Amino acid sequence: MPSSRTGRPPVQRASRRPRAAVPRHPRENPVQRLYTRARRAWDRPLTAYYLIVGGSVLITVLGLVMVYSASQITALQLSLPGSYFFRKQFLAALIGGALLFAASRMPVRLHRALAYPILAGAVFLMALVQVPGIGMAVNGNQNWISLGGSFQIQPSEFGKLALVLWGADLIARKQERKLLTQWKHMLVPLVPVAFLLLGLIMLGGDMGTAIILTAILFGLLWLAGAPTRLFAGVLSVAGLIGVTLIKTSPNRMARLACIGATEPKAGVADCWQAVHGIYALASGGLFGSGLGASVEKWGQLPEAHTDFIFAVTGEELGLAGTLSVLALFAALGYAGIRVAGRTEDPFVRYAAGGVTTWITAQAVINIGAVLGLLPIAGVPLPLFSYGGSALLPTMFAIGLLIAFARDEPAARAALAMRQPRFGRKRAGDPGPVKRPTGAPRRWNTMRRRASAARSSGER
């Protein structure tokens with residue numbers, strides 16, 4: 001055996017074995033990777049909670065900005081300060097924020113307990129509107145009560161919240177007693193009480209609010225599993241009443257004739273408001289003329305800061321701004337549907353579905369009227385248009401959705417695992433764990449904690 005230079009025998013090296021062929025997976029497409037990450041984020045327990053909180057806050061803040069921009073000229077024309085309407089809306093937003101926070105912290109049983117008092121109060125106020133000397137007319141509709149000074153209240157807006165809470169509690173109790181299989185228990189007393197509210201609203205001539213209330217009624221019946229024949233029967237009766245009310249009113253027929261109008265007409269159906277709303281959207285372009293640079297709000301577009309604030313948004317913020325508003329409402333609607341679909345509590349399901357139907361239907365009717373696709377119904381854009389009477393019950397309803405989203409089992413477990421950054425420690429919390437000197441830091445993230453203890457199959 002030949003020796004090495006050092007005099008030692010050479011080391012016998014083992015022959016290398018050929019590596020087993022490892023099957024290579026095809027590299028994931030970047031689009032598929034992005035889709036996978038988005039789907040995982042979409043399926044997390046707190047997704048609905050964050051969508052409701054973030055979407056409602058962004059819509060409200062953007063609405064305050066647009067109310068300030070769209071109402072300045074109107075305020076100056078009325079010899080008022082330019083920020084007059086903004087200050088009133090900001091005050092209503094503060095009060096609504098307090099209502100939202102209170103509703104989001106209430107337990108479900110307290111929401112159910114408030115159903116009957118809110119319904120009784122709404123009916124009383126809506127009946128009080130028709131008393132001479134108490135109720136007052138605004139734009140031809142007798143649906144307002146003066147609170148002194150420049151403050152007014154529209155009780156019909158609180159009727160929407162009353163129907164949602166009371167209807168959800170009623171149907172939930174009947175479902176617990178297994179009474180929904182009988183058509184009389186499905187309809188009575190839900191439909192008669194809804195028709196009572198509709199009658200009080202139509203006494204004042206507010207067709208737009210009546211349409212929203214009807215949509216809430218149909219949403220509750222649909223969620224309760226009303227048979228097709230029963231659902232179609234109620235829909236036919238409501239449609240017949242609606243057609244009769246429209247045909248007997250020249251003003252409503254004129255609004256119906258303005259669908260798709262591109263030029264003002266002579267006569268009763270002048271379509272001035274509808275046409276100038278289209279002008280505002282058309283002149284906005286892709287990114288708009290700039291915040292505060294609207295031309296139509298200088299007296300050409302009626303109700304620029306209320307019913308047609310979406311048109312001013314399109315003129316000043318362009319297509320990008322209007323699509324952002326639509327995306328926020330779509331996210332809010334999806335979150336509401338998700339909360340209603342994942343809960344086991346029947347009251348939560350019906351209430352969340354009713355609130356989602358209310359906000360979505362009102363947004364579709366308002367935006368459809370501005371786009372010229374639907375008749376002008378005179379309903380505000382939820383959380384966005386000027387009007388404290390519409391903002392307060394809507395923010396309370398958003399608080400309901402937040403409370404329901406927090407009450408999901410997976411979301412409740414995820415919130416319980418979150419460590420408070422500030423303030424006192426939770427009971428039983430041993431405090432921060434001391435790590436050895438020089439040991440690498442490991443961040444105690446939400447994902448790491450969720451992988452250690454997951455309460456459901458969601459990610």
Side-chain angles (χ1 to χ4, degrees), residues 38 41-42 44-71 83 85-106 111 157 160-161 164 291 305-306 309-310 312-313 316-317 320-340 351-352 355-364 366-367 380-408 411 414-415 418 420-422 446:
W42 212 246
R44 289 178 179 175
L46 294 176
T47 297
Y49 172 75
Y50 288 134
L51 283 179
I52 296 171
V53 174
S56 58
V57 169
L58 288 176
I59 294 174
T60 305
V61 172
L62 184 58
L64 287 173
V65 174
M66 294 311 304
V67 165
Y68 179 68
S69 175
S71 65
S83 60
F85 293 103
F86 168 76
R87 286 181 295 178
K88 291 183 63 177
Q89 186 73 357
F90 184 73
L91 178 61
L94 292 179
I95 300 174
L99 292 176
L100 184 149
F101 181 78
S104 65
R105 295 294 177 175
M106 289 181 185
H111 289 144
E157 294 290 340
K160 304 172 186 176
L161 178 63
V164 167
L291 192 62
H305 61 296
T306 55
I309 194 171
F310 189 75
V312 180
T313 304
E316 295 187 351
L317 302 183
T322 55
L323 290 181
S324 300
V325 175
L326 291 176
L328 289 174
F329 276 109
L332 197 60
Y334 164 79
I337 294 174
R338 171 169 167 160
V339 170
V355 171
T356 306
T357 303
W358 163 15
I359 296 177
T360 305
Q362 188 164 327
V364 168
N366 178 276
I367 296 174
L381 190 59
L383 301 173
F384 203 84
S385 298
Y386 169 80
S389 295
L391 185 63
L392 296 182
T394 305
M395 294 193 76
F396 188 89
I398 295 295
L400 289 177
L401 289 181
I402 294 175
F404 299 156
R406 290 169 56 93
D407 199 52
E408 290 184 12
L415 288 172
R418 292 173 58 181
R421 296 184 179 181
F422 305 101
M446 177 67 191

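Since we're looking at a predicted model, the values are computed, not measured. Residue numbers start at 1 and run along the sequence shown.
To the nearest 0.5 Å, atoms CG (Leu291) and OG1 (Thr313) are separated by 9.5 Å. Rounding to the nearest 0.5 Å gives a distance of 9.5 Å between CG of Leu391 and CD1 of Ile95. Taken from CD1 in Ile52 to CG in Leu401, the straight-line distance is 4.5 Å, to the nearest 0.5 Å. Put simply, CG on Leu415 and CG on Leu46 are 5.0 Å apart, with the number rounded to the nearest 0.5 Å. The distance from atom CG of Asn366 to atom CD of Gln362, rounded to the nearest 0.5 Å, is 7.5 Å. How far OG1 of Thr356 is from CD1 of Ile337: 6.5 Å, rounded to the nearest 0.5 Å.
Between the Gln89 side chain and the Gly387 main chain, a donor and an acceptor come within less than 3.5 Å of each other. When atom types are taken as modelled, the side chain of Thr360 and the backbone of Thr357 share no donor-acceptor pair closer than 3.5 angstrom. A side-chain donor-acceptor contact under 3.5 Å links Ser385 to the backbone of Thr306. Panel note: side chain Ser69, backbone Val65; no donor-acceptor pair is recorded below 3.5 Å.
Nearest heavy-atom pair, Ala411 versus Ala405, reported as atom, atom and distance to 0.1 Å: CB-O, 3.3 Å. Across Leu392 and Gly96, no two heavy atoms sit closer than the pair CD2-N, 3.5 Å. When all heavy atoms of Ala335 and Leu51 are compared, the closest pair comes out as CB-CB, 3.9 Å. Residues Thr60 and Ala93 approach most closely at CG2-CB, 4.5 Å, considering heavy atoms. Minimum heavy-atom separation, Gly388 to Ala92: CA-CB, 3.8 Å. Val164 approaches Ala351 most closely through the heavy-atom pair CG1-O, 3.7 Å.
Leu317 is not listed as a side-chain neighbour of Val325, based on a closest heavy-atom distance of 4.5 Å or more. Within the 4.5 Å cutoff, no side-chain heavy atoms of Pro382 are placed close to those of Trp358. With a 4.5 Å cut-off on side-chain heavy atoms, Leu100 and Phe396 do not count as touching. Considering only heavy atoms from C-beta on, Leu161 comes within 4.5 Å of Leu400 through its side chain.
Between His111 and Phe404, the angle of the ring planes goes over 60°, which puts this pair in the perpendicular group of the 30/60° scheme.
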**Report entry** Criterion side-chain contact (heavy atoms from CB on, under 4.5 Å) on Ile59 and Leu381, from CA distance to verdict
**Finding:** CA-CA 10 Å; Ile59 294 174; Leu381 190 59; over 6 Å; no
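Among Tyr68, Tyr386, Phe90, the single residue meeting the side chain to side chain contact (heavy atoms under 4.5 Å, CB included) criterion with Phe85 is Tyr386.
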